[in-house]
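Here the structure is laid out as structure tokens; the discussion comes afterwards.
All values derive from a computational prediction rather than experimental measurement.
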Amino acid sequence: MNTQTIPPGYWQDARGNLVPESKVKPIDKLRDQCVRDLCAMAEAQMRGLAKFKLQAMQDVAALVTASLEQYGVKSGGDKGNVTLTSFDGEYKILRQMQDQIVFSEQLQGAKVLIDQCVTRWAEGANDNIKVLINDAFQVDKAGKINTDRVLGLRRLDIEDEDWLQAMQAISDSIQVASTKPYIRFYKRNASGGYDPITLDLAAV
């Protein structure tokens with residue numbers, strides 16, 4: 001954020017240099033105004049969407065709580081996946097709570113066991129399985145392991161004591177770091193299916 005005080009009659013360029021206003025081209029001034037106006041509108045829309053999402057999540061949670069209370073059940077209405085449909089079926093709301101998965105240090109033990117399997121299988125192992133295993137434990141630029149690839153190893157039908165122990169180590173290493181809430185809105189189309197009411201600017 002720029003904290004420098006810009007003296008009257010000057011503009012500051014992207015490198016922080018002060019430029020006399022008389023030296024700023026009219027097209028540069030027009031571009032600057034266009035960008036500022038549109039970005040201000042975008043920020044206002046972003047704040048509006050954030051407020052709407054909060055309100056929507058609170059309303060759904062309140063409805064779930066009210067629905068459970070009619071059976072004498074008390075439970076947090078802000079937990080779990082829920083699908084709500086309007087009385088005529090025209091509209092549908094889907095609330096999802098998606099867990100963000102990370103792995104503990106036990107994952108390293110799983111990797112050692114898997115490496116032992118690959119070493120023993122060296123001659124007869126399927127090259128595709130080797131590639132799959134190597135890809136699963138590669139880290140991205142942020143140093144994070146792709147959870148989907150690691151969890152995908154558990155779907156391989158391999159009957160081997162070390163392998164099965166490695167799969168157990170993977171299961172034991174799973175930790176839920178956080179839970180991210182999602183809420184999506186749909187409207188029924190002419191064929192009876194549901195089309196999303198998109199709030200993604202790129203998809204409009």
Side-chain angles (χ1 to χ4, degrees), residues 1 30-104 106-107 110 132 135-157 167-168 170-204:
M1 180 181 295
L30 182 63
R31 183 188 306 108
D32 179 84
Q33 190 61 53
C34 178
V35 171
R36 289 183 183 279
D37 288 347
L38 290 175
C39 284
M41 292 169 63
E43 288 180 331
Q45 292 292 330
M46 180 183 69
R47 290 191 295 270
L49 278 175
K51 183 178 180 180
F52 168 69
K53 179 182 179 180
L54 178 61
Q55 184 65 54
M57 295 296 289
Q58 290 175 341
D59 287 353
V60 170
L63 177 65
V64 172
T65 297
S67 182
L68 292 176
E69 284 178 349
Q70 68 177 325
Y71 301 106
V73 177
K74 291 185 177 180
S75 179
D78 57 346
K79 299 177 181 177
N81 297 340
V82 176
T83 300
L84 306 174
T85 309
S86 63
F87 191 74
D88 62 359
E90 183 176 7
Y91 293 101
K92 181 174 70 173
I93 297 174
L94 178 63
R95 185 195 68 184
Q96 295 175 301
M97 308 299 285
Q98 182 173 328
D99 291 337
Q100 307 296 307
I101 301 297
V102 296
F103 298 103
S104 71
Q106 291 164 300
L107 185 65
L132 188 65
D135 285 348
F137 287 93
Q138 284 184 353
V139 297
D140 59 19
K141 293 181 180 179
K144 295 181 179 179
I145 288 178
N146 187 306
T147 56
D148 289 338
R149 290 179 180 175
V150 172
L151 296 179
L153 294 176
R154 300 189 303 173
R155 292 192 292 269
L156 296 178
D157 186 18
M167 296 306 101
Q168 184 60 51
I170 289 176
S171 297
D172 293 343
S173 72
I174 295 173
Q175 296 179 340
V176 178
S178 62
T179 302
K180 188 173 183 178
Y182 291 90
I183 189 163
R184 297 179 174 89
F185 306 87
Y186 301 87
K187 183 176 182 179
R188 192 166 56 187
N189 55 37
S191 62
Y194 284 92
D195 294 326
I197 301 173
T198 182
L199 300 175
D200 179 5
L201 187 63
V204 175

### Query
Between CE of M57 and CD1 of I93, what distance do you get to the nearest 0.5 Å?
11.0 Å

### Summary
Heavy-atom closest pair (P181 atom, M97 atom, distance to 0.1 Å) is CB-SD, 3.8 Å

### Summary
By side chain to side chain contact (heavy atoms under 4.5 Å, CB included), R47 pairs with (sequence neighbours left out) E43, A44

### Message
Could you measure the distance from the CD1 atom of I170 to the CG atom of L107? Nearest 0.5 Å is fine.
### Response
6.0 Å

### Query
Does T85 have any side-chain hydrogen bond (donor to acceptor under 3.5 Å, both in side chains) partners at least two apart in sequence or in another chain, and if so, which?
none

### Task
Inspect the surroundings of CD in E90 and state if more than 12 heavy atoms from other residues, nucleotides or ligands are less than 6.0 Å away.
yes

### Summary
For Q96, the side-chain hydrogen bond (donor to acceptor under 3.5 Å, both in side chains) test, sequence neighbours excluded, returns R184

### Task
First locate atom CG of D172, then atom CE of M167, and finally report the distance between them rounded to the nearest 0.5 Å.
11.5 Å

### Query
What are the two closest non-hydrogen atoms of S104 and Q175, and how far apart are they?
CB-NE2, 3.6 Å

### Query
To the nearest 0.5 Å, what is the distance between CD1 (I183) and CG (L84)?
8.0 Å

#### Entry: Residue pairs, two or more places apart or on separate chains, that pass side chain to side chain donor-acceptor pair (under 3.5 Å) and touch residues 51-61
Q55-D59

### Reported CG-to-CG distance for the pair D195 and N189, which is rounded to 0.5 angstrom
4.0 Å

### Task
Check step by step if side-chain contact (heavy atoms from CB on, under 4.5 Å) holds for F103 and L151.
CA-CA 10 Å; F103 298 103; L151 296 179; 4.2 Å; yes

### Task
Can you sort out the partners of S67 under side-chain hydrogen bond (donor to acceptor under 3.5 Å, both in side chains), two or more places apart, ordered by chain and number?
none

#### Entry: With F52 via ring-ring contact (aromatic ring centres under 6.0 Å, His included) - residues at least two apart
F185

